[in-house]
Participant: 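The following block contains the structure, expressed as structure tokens.
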Amino acid sequence: MFPKYMIALSVVLLLVSTLCATAMADEFNSKLETAKSADDAMTIVQEYLPKMTDVNDLRTLQNVWMRIDKQACTAHFLAMHSQQPDSPVYHYLWVRTSEDDEMQIAEARKMITAHPEFYWGYRVLYAAYLGTLFDAKASTEVKERVAAYLPTDRILMHDGLKRFPGDEYALIALFNLYSYEKNYPLAEQYILGVSDPSALNANMDSIMSFVETSGRMTAFERLVPLMISAGISSGEINAADSTDVYDSYYNYMLGKTKNWDAVKQFFASHPQYMGNPKYNGTLLDMYIATQRYDEALNFISNALEKGEIDYGDLNDTEGWEALHELPRWKRMLAKAKADWEATEPARREAALANRKDTPAPLWEFPDKDGNIVKLADLKGQIVILDFWATWCSPCRATMPVLDEWMRTSMPKGVRVFSINIWEQDPQNAKKYIAEKKYRMTYLAGDADVSKNYGITGIPYICVIDKDGKIAWDKSGSGDDLAGTLSYWVDELIKPANKGE
């Protein structure tokens, strides 16, 4: 427990993979840097479209075009496929514009049958399965329909790996296939074949879910050091911190796999971590799971006294149910509640300290339907911005809190936007927020907005007043987000209330 102290490795490692760029793609990207608007970018797309024939170049161009005008991009590549039906390149590029995974599976099968040496046909197949059958968030209905094709498509996936040995996308797809089927030895075999840190980082959630479900720590022990080494090389991780990064996450995963003997041995071998907030959760879970209740209560009491947890944490205690009927727990809970209520004025004062009052950088971004939302049009309203990415565990932990606050506590006249940045899979990000049915308005951000707002880590949340100025902000998931948001918003609407 104590998730606020858990530093997810995926937050530390923001490693973006790119395919080998040609001179033409480099030239295209350089030209794009001069664009000052979507119209400028579209002009550059149209300039380079006739020049490009290489599939990787066209993918690069297509990525830009789909962000500007997806409908026109889809229409163009459909027309090209219709004109050249025997071209696997234009077949692939048309299929790639679709968000219909089932259609992509059917078309991928056609591509592979007609052009078995064409890599991108297999790539579409892998991606479509990763977005449906192997995606925990996909609907049961879709999974059932897709599963019917699996006996045939499994052969195609293996054939793809034979034709393109070592292809990491194929290895990841087969890893997910055998994880889905609970064939854990085979799943582990395929994921251990992946060595690209950015590919591993992009699949961090599924790898950690596999380790937790299967209890097989080998994947963690072999793959996470690769990501840490890459993080050191890229400057994302300080070499001096690398051991602590690994140990903290290793300790966390031992707890998730409920390997309590290994947890006990870990602390016996690393006594320096006893009492370290990043390691507290696993230690406490071990005490409770092994029925060492007195030690668990001593641990919690000590954490309360040090201010490491508070009453809010005691109300979010999944896994602590065994303690709830103990008289000492009930006394501890009552005292924590009284202390929490007594410190409310101080919490409010702390949340409202250091008001910024700086003009919010303007932006205009598309929502999930492609409609452009402009910050300039929101003047006169209180605006909350939540900057996030799907790979960011604290971001995903923050979003349901933000959604619940909107549902239960948000006053009228407030707009909340979740701006997706630093994303590895923009389409999946849009799908993620839709499937969760979050109330925040999804916006597809860009690299410039993070620079303009000075964002160095996510989640980053700020509130903009009615005059278009940033009033307060915070980085990281932190403590009592809902309470902080209420303090911010109440303070900003106070002048209007006084005039009523």
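Reckoned from all heavy atoms, side chains included, excluding hydrogens, waters and symmetry mates.
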Participant: Indicate yes or no: at least one non-hydrogen side-chain atom of Met217 is less than 4.5 angstrom from one of Thr257.
Facilitator: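 SC-SC contact between Met217 and Thr257 confirmed.
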
Participant: Does the pair Asp403/Arg407 count as a salt bridge with the N-to-O cut at 4.0 Å?
Facilitator: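 A salt bridge is absent here (no side-chain N lies under 4.0 Å from a carboxylate O).
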
Participant: So which pairs with a foot in residues 64-84 pass salt bridge (Lys or Arg N to Asp or Glu O under 4.0 Å), sequence neighbours left out?
Facilitator: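 Sorted result for residues 64-84: empty, none.
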
Participant: Return the CG to CD distance between Leu171 and Gln189, rounded to the nearest 0.5 Å.
Facilitator: 9.5 Å

Participant: Using a 3.5 Å distance criterion without hydrogens, assess whether the side chain of Glu321 forms a donor-acceptor pair with backbone atoms of Gly319.
Facilitator: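 Yes; judged by distance alone, with no hydrogens or angles, the pair exists.
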
Participant: Is the shortest heavy-atom distance from the side chain of Tyr432 to the side chain of Arg396 under 4.5 Å?
Facilitator: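 Yes - at least one pair of side-chain heavy atoms lies under 4.5 Å apart.
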
Participant: Are Leu192 and Thr218 packed together at the side-chain level, in the sense that at least one heavy-atom pair is separated by less than 4.5 angstrom?
Facilitator: yes

Participant: Hey, what's the ring geometry for Phe220 with Tyr250, parallel, tilted or perpendicular (30° and 60° as the breaks)?
Facilitator: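 Phe220 and Tyr250: tilted rings.
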
Participant: Side chains of Tyr129 and Asp101: do they bring a donor and an acceptor to under 3.5 Å?
Facilitator: no

Participant: Cation-pi between Arg123 and Tyr169: NZ/CZ under 6.0 Å from ring centre and within 45° of the ring axis?
Facilitator: yes

Participant: For the backbone of Leu133 and the side chain of Lys143, can you confirm whether one donor and one acceptor N or O come within less than 3.5 Å of each other?
Facilitator: yes

Participant: Could you state the interatomic distance from OG1 (Thr290) to CG (Asp285), rounded to the nearest 0.5 Å?
Facilitator: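 The CG atom of Asp285 is 10.0 Å from OG1 of Thr290, to the nearest 0.5 Å.
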
Participant: Using side-chain contact (heavy atoms from CB on, under 4.5 Å) as the criterion, list what pairs up with Leu385, not counting sequence neighbours.
Facilitator: Trp363, Val383, Phe387, Phe417, Ile419, Tyr453, Cys462, Ile464

Participant: If we ignore angles and hydrogens, is there a donor and acceptor under 3.5 Å between the side chains of Glu144 and Thr140?
Facilitator: no

Participant: Once rounded to the nearest 0.5 Å, what's the spacing between atom NZ of Lys162 and atom NE2 of His158?
Facilitator: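 One finds 8.0 Å between NZ of Lys162 and NE2 of His158.
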
Participant: Between Ser418 and Asp386, does any side-chain donor sit less than 3.5 Å from a side-chain acceptor?
Facilitator: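 Judged by distance alone, the side chains do pair up.
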
Participant: In the structure I gave you, are the side-chain heavy atoms of Phe118 and His91 within less than 4.5 Å of one another anywhere?
Facilitator: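 No - every pair of side-chain heavy atoms lies 4.5 Å or more apart.
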
Participant: Keeping the roles fixed (side chain from Asn203, backbone from Ala199), state whether a donor-acceptor pair exists under 3.5 Å.
Facilitator: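 Yes, because the side chain of Asn203 sits within donor-acceptor range (under 3.5 Å) of the backbone of Ala199.
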
Participant: Regarding Thr390 and Glu423, do their side chains bring together a donor and an acceptor under 3.5 Å, going by distance alone?
Facilitator: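 A pair is found: one side chain offers a donor N or O, the other an acceptor, under 3.5 Å apart.
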
Participant: I'd like to know if the side chain of Thr60 reaches the main chain of Asn56, judged simply by a donor and an acceptor atom lying under 3.5 Å from each other, with no hydrogens or angles considered.
Facilitator: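 Answer holds: yes.
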
Participant: Would you check if Glu404 and Thr408 make a side-chain contact, meaning some heavy-atom pair closer than 4.5 Å?
Facilitator: yes

Participant: Which residues satisfy the side-chain contact (heavy atoms from CB on, under 4.5 Å) test with Lys258, sequence neighbours excluded?
Facilitator: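 With sequence neighbours excluded, Lys258 shows a side-chain contact (heavy atoms from CB on, under 4.5 Å) to Trp260, given in chain and number order.
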
Participant: Which atom names give the shortest non-hydrogen contact between Gln62 and Leu93, and what distance separates them?
Facilitator: NE2-O, 2.8 Å

Participant: Has Glu102 got a side-chain atom pairing as donor or acceptor with Val142's backbone, closer than 3.5 angstrom?
Facilitator: no

Participant: Run the ring-centre check on Phe77 versus Trp94 and record whether the distance is less than 6.0 Å.
Facilitator: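 Distance test on ring centres: not under 6.0 Å, no.
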
Participant: Closer than 3.5 angstrom, by distance alone: can the side chain of Gln84 be matched with the main-chain N or O of Tyr90 as a donor-acceptor pair?
Facilitator: no

Participant: Ignoring hydrogens and angles, state whether a donor on the side chain of Thr282 or Asn251 is under 3.5 Å from an acceptor on the partner side chain.
Facilitator: yes

Participant: For the residue pair Asp54 and Thr22, confirm or rule out a side-chain donor-acceptor distance under 3.5 Å.
Facilitator: no

Participant: Does the side chain of Ser98 pick up a donor-acceptor pair with the side chain of Asp100 at under 3.5 Å?
Facilitator: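 Side-chain D/A pair, Ser98 to Asp100: absent.
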
Participant: How about His76 and Trp65: are their ring centres within less than 6.0 Å of each other?
Facilitator: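 Yes; Trp65 has its ring centre under 6.0 Å from that of His76.
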
Participant: With side chains defined as the heavy atoms from C-beta onward, is the minimum distance between Glu168 and Ser195 less than 4.5 Å?
Facilitator: yes

Participant: Aromatic ring centroids of Phe175 and Phe210 under 6.0 Å?
Facilitator: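 Yes: the rings meet the under 6.0 Å criterion.
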
Participant: One thing to verify: whether Glu435 and Lys431 come together as a salt bridge, which I'm taking to mean a side-chain N less than 4.0 angstrom from a carboxylate O.
Facilitator: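 So Lys431 does not pair with Glu435 through a salt bridge.
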
Participant: Taking everything shown except Tyr149 itself, do over 12 heavy atoms lie less than 6.0 Å from its OH?
Facilitator: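 Not more than 12 within 6.0 Å, no.
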
Participant: Under 3.5 Å, is there a donor-acceptor pair between the Arg292 and Asn298 side chains?
Facilitator: no

Participant: With side chain to side chain contact (heavy atoms under 4.5 Å, CB included) as the test, pick out the partner of Trp388 among Ile461, Asn420, Thr398, Ile458.
Facilitator: Asn420

Participant: Nearest 0.5 angstrom please: Met274 CE to Gln272 CD, how far?
Facilitator: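 If we round to the nearest 0.5 Å, Met274:CE and Gln272:CD are 11.0 Å apart.
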
Participant: Answer whether the closest heavy-atom distance between the side chains of Val224 and Val245 falls below 4.5 Å.
Facilitator: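 Side chain of Val224 against side chain of Val245, heavy atoms only: no contact under 4.5 Å found.
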
Participant: Taking the ring of Tyr178 and the ring of Tyr190, is the distance between their centroids below 6.0 Å?
Facilitator: yes

Participant: If every non-hydrogen atom of Gly457 is compared with every non-hydrogen atom of Trp422, which pair is closest and at what distance?
Facilitator: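 That would be N-CH2, 3.9 Å.
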
Participant: With salt bridge (Lys or Arg N to Asp or Glu O under 4.0 Å) as the criterion, how do Glu181 and Arg154 come out once you've worked through the C-alpha distance, each side chain's angles and the decisive distance to 0.1 Å?
Facilitator: CA-CA 12 Å; Glu181 295 182 336; Arg154 177 200 309 273; 2.5 Å; yes

Participant: Check step by step if side-chain contact (heavy atoms from CB on, under 4.5 Å) holds for Leu200 and Ile207.
Facilitator: CA-CA 8 Å; Leu200 293 170; Ile207 295 171; 4.0 Å; yes

Participant: Check whether the side chains of Asp159 and Tyr122 place a donor and an acceptor atom closer than 3.5 Å, and report yes or no.
Facilitator: yes

Participant: Mind listing the closest non-hydrogen atom pair of Ile421 and Ser450 along with its distance?
Facilitator: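 Shortest heavy-atom separation between Ile421 and Ser450 comes out as CD1-CB, 3.9 Å.
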
Participant: Once you round to the nearest 0.5 Å, how far does CE of Met24 lie from CG of Leu58?
Facilitator: 10.0 Å

Participant: Parallel, tilted or perpendicular: which fits the ring planes of Tyr252 and Tyr249, with parallel below 30° and perpendicular above 60°?
Facilitator: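 If you compare the ring of Tyr252 with that of Tyr249, the planes turn out tilted.
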
Participant: side-chain contact (heavy atoms from CB on, under 4.5 Å) between Leu49 and Leu61: does it pass, once the steps are laid out?
Facilitator: CA-CA 7 Å; Leu49 185 58; Leu61 180 144; 3.8 Å; yes

Participant: With a 4.5 Å cut-off on side-chain heavy atoms, are Lys474 and Leu481 touching?
Facilitator: yes

Participant: State whether the side chain of Asp446 and the backbone N or O of Val449 hold a donor-acceptor pair below 3.5 Å, judged by distance alone.
Facilitator: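 Confirmed, Asp446 side chain pairs with Val449 backbone.
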
Participant: Does the Asp369 side chain pair with the main chain of Asn371, one donor and one acceptor, at a distance under 3.5 Å?
Facilitator: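 Not a single qualifying donor-acceptor pair exists.
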
Participant: Using the ring of each side chain (for Trp, its six-membered ring), is Trp329 parallel, tilted or perpendicular to Trp320, with breaks at 30° and 60°?
Facilitator: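 Geometry flag for Trp320 against Trp329: perpendicular rings.
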
Participant: How many angstroms lie between CG in Asn201 and CG in Leu223, if you round to the nearest 0.5 Å?
Facilitator: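 Interatomic distance, Asn201 CG to Leu223 CG, rounded to 0.5 Å: 12.0 Å.
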
Participant: One pair to check against side-chain contact (heavy atoms from CB on, under 4.5 Å): Leu485 and Leu402. What are the steps and the verdict?
Facilitator: CA-CA 9 Å; Leu485 291 172; Leu402 182 55; 3.5 Å; yes

Participant: Would you mind telling me which of Asn259, Asp247, Asp261, Leu283 makes a side chain to side chain contact (heavy atoms under 4.5 Å, CB included) with Phe266?
Facilitator: Asp247

Participant: What's the shortest heavy-atom distance between Ser248 and Tyr279, and which atoms?
Facilitator: N-OH, 3.2 Å

Participant: Evaluate side-chain contact (heavy atoms from CB on, under 4.5 Å) for Leu174 paired with Tyr126, printing each intermediate quantity in order.
Facilitator: CA-CA 8 Å; Leu174 289 166; Tyr126 304 146; over 6 Å; no

